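Throughout, a chain's letter reflects where its sequence line sits, starting with A, and its residues are numbered from 1. The structure displayed is predicted, hence computed values, not measured ones.
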Amino acid sequence: MAADLQSVTLSNGKKLEVHTHLFINNEFVPGHGPLIENINPATEEVICAVHSADESDVNAAVEAANTCFNNVWRKVAPAERGLLINKLANLMERDKEELAALDALDNGKAYTVARDIDITDSIACFRYFAGWSDKIHGKTIDTVADRWCYTRHEALGVVGAVIPWNYPIMMAAWKFAPALATGNCVVMKTSELTPLSMLKFAALAKEAGFPAGVVNIITGYGATTGNFLANHKLVSKMAFTGSTVTGRKIMESSSHSNLKKLQLELGGKSAQIVCADADLKNAAVMACGGIFNNHGQSCNAGSRIFVQSSVFDKFMDLFVKATDDIVLGDPFAEDTFQGPQISKGQFDKIMNYIKIGQEEGATLYKGGKRWGDKGYYIEPTIFINCKNNMRIMQEEIFGPVVGIATFETIDEAIALANDSTYGLAGGVYTSNVDTAIRVSNEIKAGTVWVNTFDVFDQSTPFGGYKQSGFGKELGKYALQEYTQVKVVKFQLLNTGA
Amino acid sequence: MVQPDLQTVRLSNGKQITVHTQLFINNEFVPGHGPLIETINPATEEVICSVHSADKQDVDAAVAAAAKCFKDTWRKVAPADKARLINKLADLMERDKDELATLDALDNGKAFTVARDVDITDSIACYRYFAGWADKIHGKTIDTTFDKFCYTRHEALGVVGAVIPWNYPTMMAAWKFAPALAAGNCIVMKTSEVTPLPAYKFAVLVKEAGFPAGVVNIITGYGHTTGNFLACHPDVSKMAFTGSTGTGRKIMESSSTSNLKKLQLELGGKSAQIVCADAELDKAAEWACGGIFNNHGQSCNAGSRILVHESVHDKFLELFIKHTKAMIKIGDPFDEDTFHGPQINKSQFDKILKYIEIGKQEGAVVAHGGKRWGNKGYYIEPTVFIKCHNKMRIMQEEIFGPVVAIATFKTIEEAIDMANDSIYGLAGAVYTTNLDTAVTVTNEIKTGTMWVNCFDVFDQSTPFGGYKQSGFGKELGKYSLQEYTQVKVVKIMRSNL
């Protein structure tokens, strides 16, 4: 049987040691599911094989979390939880480069981006929620004179989390940080496509001093490992980020098992609206990042751009210029901005959508082809002359492909933006205060950016409307996702004179 | 021939009243296209009248009316004006209190005095409470970095679907309508086909109060048809459901296959009342009696298990039976003395008697009651089982009738474990004079409401909702506002610093 620690070589020649077993109860233990080969998307070669969790492993992880919660974690003082989370953040800071290298290796994103955005923001997220740990407040509520009422915001117990491959550490941080701060124990299934960086994180969680069973990290296929977790009777809540299709399955599993609480962060088809009075240069640069950041592999990608017709030509000029600045290359090359797509499956799916776009009558303005001949690289791709009912304007492509259309009036733009089953995010570029307020009020999405895009803070909430899901990550709002409210009502027996 | 809307019905006290029987959509009573459903008087087993029910086209019409009203009208009404309308409605309910109470008593079988002094009184208080919140739905401004301005909006969901049960016809409707309207939503509510009459009188008052057409829509029909059409409707943003756990699962499943609509589920319960050796036994017995026998045991939060410290069991039982005999006066709902009316219908009646048989077969002992009362109407005597143990079906399964199961315990830890040994977690109580016991027990019991030295005490300002398989989401209190809003964050990037 393969040992837990394996040696892998990066494209820059460096060697790293990675864990490959499951992390349960503060130990790396073998899994009983199949070994899963983990592919480097930049080279198409196998990095190593990792253990996956079968039903017995999921049970072991949940039971470890449950025992720890009942016997240990729920008795740990909130301030102590805050200390541990801050300690963990410090260790992540110390080992930042290694974490970034693992994200870049496994996911294919540029190492500099992983280091300066993914890991940096993850650390900030843990520090932010560490501060909330000892500030989870209930209320006292006056009702009538002979009664004394208060609420407690209690931990849920065992939280199940299933995260995707697009931001391996950051997606984990967004779930671990509020879950731990509010006093829960967590069993997280990472994506079988990007299992490595969170196993390094697991080692740091143990080093930081979290009691055994607070943090459990396993991997495996969604249809098996994820499904066992979604159906487990001891899991009080499933927090899921991923496709809308899988979100439906998780809700179905909850309905058949123990009606566990749910939080779903699903797909998106966010619209960026460029008004005639916008700072066009800024809009072009922001909009470019809005779609092409992370190789288009963001649920909140601004994958539809609506440009007011009078400024279309000027905007396109600037937008293409910004796109031309995108450097594709090896994730570990210093100037790389765009790496490969995550896998062959995604590569094929995106190339198919590019074909569909042309068949639907959109004009392929730029890109549209594979880049290079090794690795799942796709050129930044721009379609113009799109109609909002085209498949490339309605369905989530999850790649570096943007669909552009024009509009005449602001009302038209709002209607086009809202004509989608999704409601994750949106953006408007304008210098007019009335336009900014009206558009941001009217767009049916959980985040609206004005004169920018893809800007996140740990203190503002993130989460969708409509079929983009429900529930919030980040910000104080996230705390209520990980607590349940109990009211206690005392009747006074002796009310005095 | 289409049954006319208005029908005349006769009460047991000789009075005649006129009731509406058609569907209330867009401020009009309109015929339904589903089957006519007979509504039975549970005190006499006779048909009161038939009511129209909604088929798919009626549900579609109601949702379309609500959606159009939200988009064109209701979302533009100032919050303060919404508050005035809700307060006006409360005033009209106050004016017509007796008629509303009469309809609840006629259709449900609860005592008229109870309907008037508890159900209707508390419903009016609930509307007044939430009217006050209507213009106090606040988002936040959040400082992140110097170059950004961020704020959140707590927006209405749009069209809310609500399905309510028959046990508190007017009050269950109030708990949903009040926060939903205050938060700015339009509603389509399906009442129980077993108690359809009271809500139509309420609908008349809604129109008289001046709510725009389409804000409030009230239909009735079977759960698996009418309720299902509503749960599957793509234009309904959220389902708020109170009822059985079995139906709660179906509603969640419907959401998973339709539009992933948000959910709020208030399901079953098997709440434990813990009587400690140091309790004031006579008061405990009195509260505990109401805790199970209020509303003929037809409450999701009924204290249907009583765990008594073995040293005070016999004394407590004596007091409990004394209070049962004194308090639980059985009779016609319109009799001034009546406290305890019939169970809602034949099928519930049969189910409860069957559980009484099961209890005997399991080895529990009937200490009081155990039989039908009288020979007309679905009346069951208040029934007390002793010598129970927590694994019996009568201690684990929700009976929803006037049947209580009593067991003993030796230590507080044992009582806590027994109370928590249930798939449900809706409510619970502890009777004790000891501070440490009160705090320990209320902290440790896994439920949404814990009463101390009382039971079944509600306020409009404290939240209500379960843990575990009793559901999720809160009714009443400020907490319920977040069930009826969705949060959008707007992030504005400054260019001029």
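Ranked by heavy-atom pairs shorter than 4.5 Å toward chain A, the options B:G248, B:G466, B:C150, B:P463 are led by B:P463. With respect to chain B, the highest number of heavy-atom pairs below 4.5 Å among A:L259, A:I443, A:I141 belongs to A:L259. Note: A:T447 leads A:D279, A:T421, A:T447 in heavy-atom pairs under 4.5 Å with chain B. Comparing A:K486, A:Q480, A:K444, A:M251 by heavy-atom pairs within less than 4.5 Å of chain B, the highest count is held by A:K486. Between chain A and the options B:N443, B:I445, B:T152, the largest number of non-hydrogen pairs under 4.5 Å is found for B:N443. With chain B as the partner, the residue from A:L492, A:D457, A:T452 showing the most heavy-atom pairs under 4.5 Å is A:D457. Comparing A:S255, A:G423, A:S459, A:C149 by heavy-atom pairs within less than 4.5 Å of chain B, the highest count is held by A:S255. Of the residues considered (A:S253, A:G446, A:G157, A:G475), A:G446 shows the highest number of contacts with chain B, using heavy-atom pairs under 4.5 Å. Options B:K478, B:M450, B:K491 differ in how many heavy-atom pairs under 4.5 Å they form with chain A, and the most are formed by B:K491.
Contacts of B:S237 with chain A are absent, with no heavy-atom separation under 4.5 Å from either backbone or side chain. Using a 4.5 Å cut-off between heavy atoms, A:S236 makes no contact with chain B at all. Residue contact with chain A, scored on non-hydrogen atoms closer than 4.5 Å, is absent for B:F149. Neither the backbone nor the side chain of B:F464 comes within contact range of chain A, judged by heavy atoms closer than 4.5 Å. Within the 4.5 angstrom heavy-atom criterion, atoms from both the backbone and the side chain of B:S255 approach chain A. Proximity to chain B (any heavy atom under 4.5 Å) is shown, for A:D146, by neither the backbone nor the side chain. There is no contact between A:N282 and chain B, counting heavy-atom distances below 4.5 Å. Using a 4.5 Å cut-off between heavy atoms, A:L156 does not touch chain B at all. The part of A:D142 that comes within reach of chain B is its backbone (N, CA, C, O), which places non-hydrogen atoms under 4.5 angstrom from that chain. Of the two parts of B:I251, neither the backbone nor the side chain holds a non-hydrogen atom closer than 4.5 Å to a non-hydrogen atom of chain A. Looking at A:Q458, there are no atoms closer than 4.5 Å to chain B (heavy atoms on both sides), in backbone or side chain. The part of B:D143 that comes within reach of chain A is its backbone (N, CA, C, O), which places non-hydrogen atoms under 4.5 angstrom from that chain. The contact between A:L264 and chain B is made entirely by side chain atoms (from C-beta outward), counting heavy-atom distances below 4.5 Å. Interface residue A:L266: only side-chain heavy atoms are found under 4.5 Å from chain B. If you measure heavy-atom distances from B:F472 to chain A, the contacts under 4.5 Å come from the side chain alone. Interface remark: A:Y477 contributes side-chain atoms only to the contact with chain B (heavy atom separation under 4.5 Å). With a threshold of 4.5 angstrom between heavy atoms, A:S431 does not approach chain B through any atom at all.
For the residue pair A:V159 and A:V235, the shortest heavy atom distance occurs at C-CG1, 4.3 Å. Contact detail for A:C275 and A:L280: the closest heavy-atom pair is O-CD2, 4.3 Å. Residues A:N184 and A:W73 come closest through the heavy atom pair O-NE1, 2.8 Å. Here the closest non-hydrogen pair linking A:N418 and A:K466 is O-NZ, 3.0 Å.
For the pair B:K238 and B:Y484, the cation sits on the ring face: its NZ or CZ lies under 6.0 Å from the ring centre, inside 45° of the axis.
Salt bridge absent: A:E252 and B:R249 never bring a charged side-chain N and a carboxylate O closer than 4.0 Å. Salt-bridge annotation for B:K446 and B:D421: absent, with no side-chain N of the basic residue lying under 4.0 Å from a carboxylate O of the acidic one.
In this structure, the side chain of B:S470 engages the main chain of B:L426 through a donor-acceptor pair within 3.5 Å. Remark: the backbone N or O of A:G426 is not paired with any side-chain donor or acceptor of A:Q272 at under 3.5 angstrom. A distance-only check finds no donor-acceptor pair linking the side chain of A:N231 to the backbone of A:S254 [under 3.5 Å]. Side-chain atoms of A:K139 do not come within 3.5 Å of backbone N or O of B:T462 as any donor-acceptor pair.
Taking the six-membered ring for Trp, A:F453 and A:W449 have ring centres closer than 6.0 Å. Ring centroid separation for the pair B:H138 and B:Y151 does not come in under the 6.0 Å cut-off.
Ring pair B:W175/B:F458 is tilted by interplanar angle, where 30° to 60° counts as tilted.
In this structure, a donor-acceptor pair under 3.5 Å is absent between the side chains of A:Q484 and A:R152.
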